[in-house]
Structure formats: C-alpha cells, structure tokens
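Only one structure is covered here, and it is reproduced in the block below.
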Amino acid sequence: MVDVILGLQWGDEGKGKIVDYFAPKYDMIARFQGGPNAGHTLYVEGKKIVLHQIPSGIFHEKTINLIGNGVVLDPITLKRECESVAAFGVDYRKNLFISQRAHIIIPTHRALDKASETSKGNEKIGSTLKGIGPAYMDKTGRNGLRVGDLLDKSFTTQYIRLRLKHQKLLDGLNFHEDITEWEEEFFEALEFMRSFKIVNGEYFINDKIQQGKRVLAEGAQGSMLDVDFGTFPFVTSSNTISAAVCTGLGVAPQKIKDVIGVSKAYCTRVGSGPFPSELHDATGEELRKIGSEFGATTGRPRRCGWIDLIALKFACMINGVTKIVMTKADVLDSFNELKVCVAYKIGEQLTEEVPFQMNKLNIEPQLKTFAGWNTNTSSVVDCNKLPEPMKEYVAFINKFLGVPIAYISNGPGREQLIENV
Ligand code: GDP
Ligand code: IMO
Ligand code: MG
C-alpha cells in the first residue's frame, strides 16, 4: 500500500521534517511531482539540510528513494544535492532511483521562466525561477526531454532542437541571457546522471508494492498551489494533490491508503497571490521572526497570517485527507491571542467555500479569537501535558475540519513530534 504526505496550504508546511520522521516505517519514499522549486528542510544529527530534488528518506540507510515520472528534474541541482548528502555519509548511488519518464529541466527552461516573469510586470507569480513552468509546458506540449532519453544516441540532437525552439521564444520575448556556463555545468551533470539507477518507475514501484513493501509518497508545494485547485494563476505548474500520486508514480488509486496532510498551526505563503488571512501588521512580523519564515529555496521572506480553515477544509476535501500533522505549533507559544479564519466575507455574502478567482475578489476573513497559552511547549512529549488553551485550539480545528489532528510538531528537530491521542 501507499501512504501520502502532502502540504495542505501554500507550501513549506514542514513536509520534509515529517517525511524524514516517518521514513523508518517505510521501505520506499517517492517524489511524484514538482521539482527544484521545492525546499524541504531536515535536521540530521543536529545539522540543517535542505533537499530540493532528492526524496526526504535519503538519510535512512535502508530506505529506497525514487524520483517519479511526475517530477521535473534539474540535473545541475541533482548533482549538487548528491554531493551535499554525500558529505553526510549517504551512499546515494545505492538508494536513489530515477524514473526514465521524469522530464528534464534544461538551462533555457530557466531562462524562459525568467523571461515569462519579467514580461508579466506587476502580475508576477513570484516563481522560484527554477524552470518548472516551462518544463511542464514542454511535457504537455509533447516537446520535452526525459531522463530515459539520456541513454539514447540522439539525445544531443534532440537537446539542440529544443534549445533552438526556446531561443526563438526568448527572442520573441526580447530576453537575452548568456547560458554558456549553465550549459557546461548541465552537460557535466548529465554525464553524472547517466551513471544513476534509471528505472522503469511504474514497474519498479508496483513490484515493490506487490512484494508487500511500504511506500510513502512525498508531496511538494501545497494544495493551494495546485494548478487546478489552487489560487490560479498564482500557482505552480503541477497537480500537487493526492490524485497526482497515481499519475506521478504509476500507482492505481486503490493502492493509496493514508493521506497525511501537513499544515502549519498558522499560515504562510511565498510569492504573489491571494492569502485572505494574511497579516500586514506587527503580529505578522512576529510570526515571521519567531517562525524563521524565509524561503528554503529562494530565501525570500514568507508572508504570514492566521490559519485559514476554509482553505484547509477545501484541501482536506480534494485530497481525501485521513490524518493531519500540525506543524510549528511552538511558534505560537508566546502570543497572547490567536485567531483562526472560519468564513470568508465577500461583499455582503458570508461563505465557507473557496471561491473561483480568489485573486479578483476582496475577501474579508471572519476570525474567531482564542486565548494564547504563553508556555514553552518545545520540549513537551506527551499530548496530555500540553497547555489547556493549546488543547482547545487544536480541538476546535479538529472539529471544524472533521479530520483528526494526529500529530503536533513542536520544533524543527526530528524528535519534536507529539502523538495527539
Ligand atoms: P517543506 O517545504 O514543507 O518541507 O517546509 P520547509 O522546509 O520549506 O519549511 C519549514 C520550516 O519550518 C523549516 O525551516 C523547518 O526546519 C521548520 N519546522 C518544521 N517543523 C517545525 C516545527 O514544528 N516547529 C518549528 N519551530 N519549526 C519547524
Ligand atoms: P515546498 O515543496 C512554497 C510557489 C512560488 C510561486 C509559485 C510558482 O518547499 O513546499 P514555481 O517555481 O513553481 O513556478 O512557483 O509557487 N512555490 C512554493 N512555495 N513552497 C514550495 O515548495 C513552492 N514551490 C513553488 O513561490 O509563488
Ligand atoms: Mg519548502
């Protein structure tokens, strides 16, 4: 069977830490979508590491890690990342497998990403500029290069053809960038990738499932960044929800068991786009400061606000979430008062539904206030020892969403996770 861990908000919910925590219970961790736009932070032996492409099970010796067909892969990032995990003593040659059907991000995809953002003026998405959108466009446009193509003699010809196509587009956008250095590094990285375990991902994973092995699918980004269900057009270019596990790995829907949704105890977003419960005041600043809310991939400050139960309930619905992990609860330790968004007011209308084109509406969040707990919770290990106001806060969210908050994360460390029974 396959369990899934994915983000329920706008990304950066703490998925990396949670996957790393649960990894010992699984035989395989598999990424099914997204690419180096992801930044998943882990603490290994007290040292911080951010993974962009490699699944977060890589630090567990007995766990197989698979980069699935739904991922767009940047060879340069992959090579650098392999070198950085090797510094921790990880034998990535043994435990890392790549699907031959995963698409490759080439240097001109990154240039196109920049060109597209530049051409948008004030309407910028705030992309991470890693080439994600253009690479997925080439996938659906049936032009892209795949990892399996690397083993084909005609790869260089195919590459040159695609680069030429991109160059025409870049000329049309009047965008010029010297990619010579990138290209050199890119070709070195391709050589490095050729020696990898490139597999037929769908057979590889289904064989393991058949053998009774346990698989954990690791989501990137968050449900509100999903290309279909997120705050379009301020989204990423892949489906980030549980349904994407099937298409991004080649597993059938009946194989999926638990869908574990990760949500912060508050909410953040990086990049542009609607965020109804955003705080533009000193409280927002405080959340950013205490929560160290700066992007793991780009270093940009994250926008901060209260937890949005309307968006969360929507995310639980479309993903079929069976359990929630609430992360960064400790960040709220010193607030006197907390708020949660329980409805949206649009004009004179109150609604509990996520509307179409959120970006074009003036949404007033309806907030319910809770007392803070003013207690340091970062070393609590037993849920019964949590302060009463925190229990009330969690119980309210639990009831509102109708999905159990099975774990509360109270710090970035591996061991800082409380089972909420
Ligand atoms: P991801 O993209 O979902 O994996 O999340 P990121 O790594 O981008 O961002 C989450 C940040 O919060 C990282 O810096 C984590 O180390 C940190 N973090 C995760 N869980 C907790 C927690 O429970 N408490 C605190 N204080 N930090 C946490
Ligand atoms: P993880 O996996 C947070 C955001 C970008 C931008 C939009 C589109 O670490 O949670 P893209 O580069 O995909 O074209 O950017 O999506 N975004 C993320 N925000 N966490 C992420 O990944 C993100 N990946 C993309 O900031 O607003
Ligand atoms: Mg992140």
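Counting convention: from 1, in listed order, for ligands and their atoms alike.
- Inspection of the Asn37 and Thr236 side chains reveals an N or O donor paired with an N or O acceptor under 3.5 Å.
- Partner of Asp27 under the salt bridge (charged side-chain N to carboxylate O under 4.0 Å, His left out) criterion, chosen from Lys208, Lys62, Arg214: Arg214.
- Formation of a donor-acceptor pair under 3.5 Å by the Arg303 side chain with backbone atoms of Gly271 is found in this model.
- Of the candidates Arg302, Glu293, Glu13, it is Arg302 that places a heavy atom closest to atom 9 (O) of ligand 1.
- Between Glu83 and Arg80 there is no salt bridge, since none of the side-chain N atoms of the basic residue sits less than 4.0 Å from a carboxylate O of the acidic one.
- Proximity of His40 to ligand 1, defined as any heavy-atom pair under 4.0 Å, is shared by backbone and side chain alike.
- Heavy atoms of His40 approach ligand 2 to within less than 4.0 angstrom.
- Listed for the Gln416 side chain is a donor-acceptor partner under 3.5 Å among the backbone atoms of Gly413.
- For Trp10, every heavy-atom contact with ligand 2 shorter than 4.0 Å involves the backbone, none the side chain.
- Among all protein heavy atoms, the one lying closest to atom 7 (O) of ligand 1 is Thr41 OG1, 2.5 Å.
- Ion pair Lys391/Glu388 flagged as a salt bridge, since at least one NZ, NE, NH1 or NH2 atom sits closer than 4.0 Å to an Asp/Glu carboxylate oxygen.
- Of all protein heavy atoms, the one lying nearest to atom 14 (O) of ligand 2 is Ser127 OG, 3.0 Å.
- For ligand 2, the atoms lying closer than 4.0 Å to a non-hydrogen atom of Ala38 are 1 (P), 2 (O), 9 (O), 22 (O).
- Using a cut-off of 4.0 Å between Lys/Arg side-chain N and Asp/Glu carboxylate O, Glu202 and Arg101 are scored as salt-bridged.
- Using a 3.5 Å distance cut-off with no hydrogens or angles, the side chains of Asn239 and Thr247 do not pair a donor with an acceptor.
- Inside a sphere of radius 2.8 Å centred on the Mg ion (ligand 3), the protein N/O/S atoms present are Asp12 OD1, Gly39 O.
- Close to ligand 2: Gly39, with a non-hydrogen atom less than 4.0 angstrom away.
- For His60 (side chain) and Asp20 (main-chain N/O), a donor-acceptor pair under 3.5 Å exists by modelled atom type.
- The aromatic rings of Phe396 and Phe400 lie tilted to each other, with the angle between the two planes from 30° to 60°.
- For atom 11 (C) of ligand 1, the closest non-hydrogen atom on the protein side is Lys328 NZ, 3.6 Å.
- Using cut-offs of 30° and 60° for the angle between ring planes, the His109 and His166 rings count as tilted.
- Residue Ser237 places no N or O, backbone or side chain, under 3.5 Å from any N or O of ligand 2.
- Exactly one of Lys328, Arg300, Arg288, Arg269 qualifies for a side-chain hydrogen bond (donor to acceptor under 3.5 Å, both in side chains) with Glu293. That residue is Lys328.
- No donor-acceptor contact under 3.5 angstrom links the side chains of Asn65 and Tyr92, judged on distance only.
- Of all the heavy atoms of Leu225, the ones lying under 4.0 Å from any atom of ligand 2 belong exclusively to the side chain.
- Protein heavy atom closest to atom 27 (O) of ligand 2, with residue, atom name and distance, is Val270 O, 3.2 Å.
- Below 4.0 Å from some heavy atom of Lys17 lie the following atoms of ligand 1, by number and element: 20 (N).
- Side-chain polar atoms of Gln33 and Tyr136 form no donor-acceptor pair below 3.5 angstrom.
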Report task. Under the side-chain contact (heavy atoms from CB on, under 4.5 Å) rule, what do Thr297 and Lys130 come out as? Steps first, then yes or no, please. Result -> CA-CA 10 Å; Thr297 299; Lys130 303 291 177 190; 3.5 Å; yes
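- Shortest contact from atom 12 (O) of ligand 2 to any protein heavy atom: Thr128 OG1, 2.5 Å.
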Report task. Could you walk me through whether Thr377 and Ile408 pass the side-chain contact (heavy atoms from CB on, under 4.5 Å) test, one step at a time? Result -> CA-CA 11 Å; Thr377 61; Ile408 298 169; over 6 Å; no
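- Distances between N or O atoms of Gly39 and those of ligand 1 include at least one value under 3.5 Å.
- Checking only distances, Glu13 never comes within under 3.5 Å of ligand 2, N or O to N or O.
- Within 6.0 Å of CD in Glu181 there are 12 or fewer heavy atoms belonging to other residues, nucleotides or ligands.
- Residue Glu353 qualifies as open at atom CD: its count of foreign heavy atoms under 6.0 Å is 12 or below.
- A distance-only check finds no donor-acceptor pair linking the side chain of Tyr26 to the backbone of Lys213 [under 3.5 Å].
- Of the listed options Val235, Leu129, Asp12, Val235 places a heavy atom closest to atom 8 (C) of ligand 2.
- In the vicinity of Ala220, heavy-atom distances shorter than 4.0 Å reach the ligand 2 atoms 2 (O).
- Of all protein heavy atoms, the one lying nearest to atom 13 (O) of ligand 2 is Thr236 OG1, 2.6 Å.
- Considering each of Met224, Arg302, Gln33, Arg300, the one bringing a non-hydrogen atom nearest atom 26 (O) of ligand 2 is Arg300.
- Taking every non-hydrogen atom of Tyr43 and a distance limit under 4.0 Å, the qualifying atoms of ligand 1 come out as 16 (O).
- The main-chain N or O of Leu129 is never found under 3.5 Å from a side-chain atom of Glu117 such that the two would form a donor-acceptor pair.
- A salt bridge is defined here as a Lys NZ or Arg NE, NH1 or NH2 lying under 4.0 Å from an Asp or Glu carboxylate O, and Lys25 with Asp3 fails to meet this definition.
- Counting the atoms of ligand 2 from 1 in the order shown, those under 4.0 Å from a heavy atom of Lys15 are 1 (P), 2 (O), 10 (O).
- If you number the atoms of ligand 1 from 1 as listed, the ones under 4.0 Å from a heavy atom of Gly411 come out as 20 (N), 21 (C), 22 (C), 23 (O), 24 (N), 25 (C).
- Less than 4.0 angstrom separates some heavy atom of Gly271 from each of these atoms of ligand 2: 27 (O).
- Ranking protein heavy atoms by distance to atom 23 (O) of ligand 1, first place goes to Ser409 OG, 2.4 Å.
- Shown in contact with Val331 at under 4.0 Å from a heavy atom are these atoms of ligand 1, numbered in order with element: 26 (N).
- Using a cutoff of 4.0 Å between basic side-chain nitrogens and carboxylate oxygens, Glu45 and Lys47 are not scored as salt-bridged.
- The heavy atom nearest to atom 10 (C) of ligand 1, out of those in Asn37, Val270, Asp12, Val50, is found in Asp12.
- Interface of Ala296 with ligand 1, defined as ligand atoms under 4.0 Å from a residue heavy atom, comprises 8 (O).
- The protein non-hydrogen atom at the shortest distance from atom 4 (O) of ligand 1 is Gly16 N, 2.9 Å.
- The residue from Gly222, Ala296, Gly126 that puts a heavy atom closest to atom 5 (C) of ligand 2 is Gly126.
- At the top of the distance list for atom 23 (C) of ligand 2, counting protein heavy atoms only, stands Gln221 CG, 3.7 Å.
- Residue contacts with ligand 1, taken as heavy atom pairs separated by less than 4.0 Å, involve Asp330 solely via side-chain atoms from C-beta onward.
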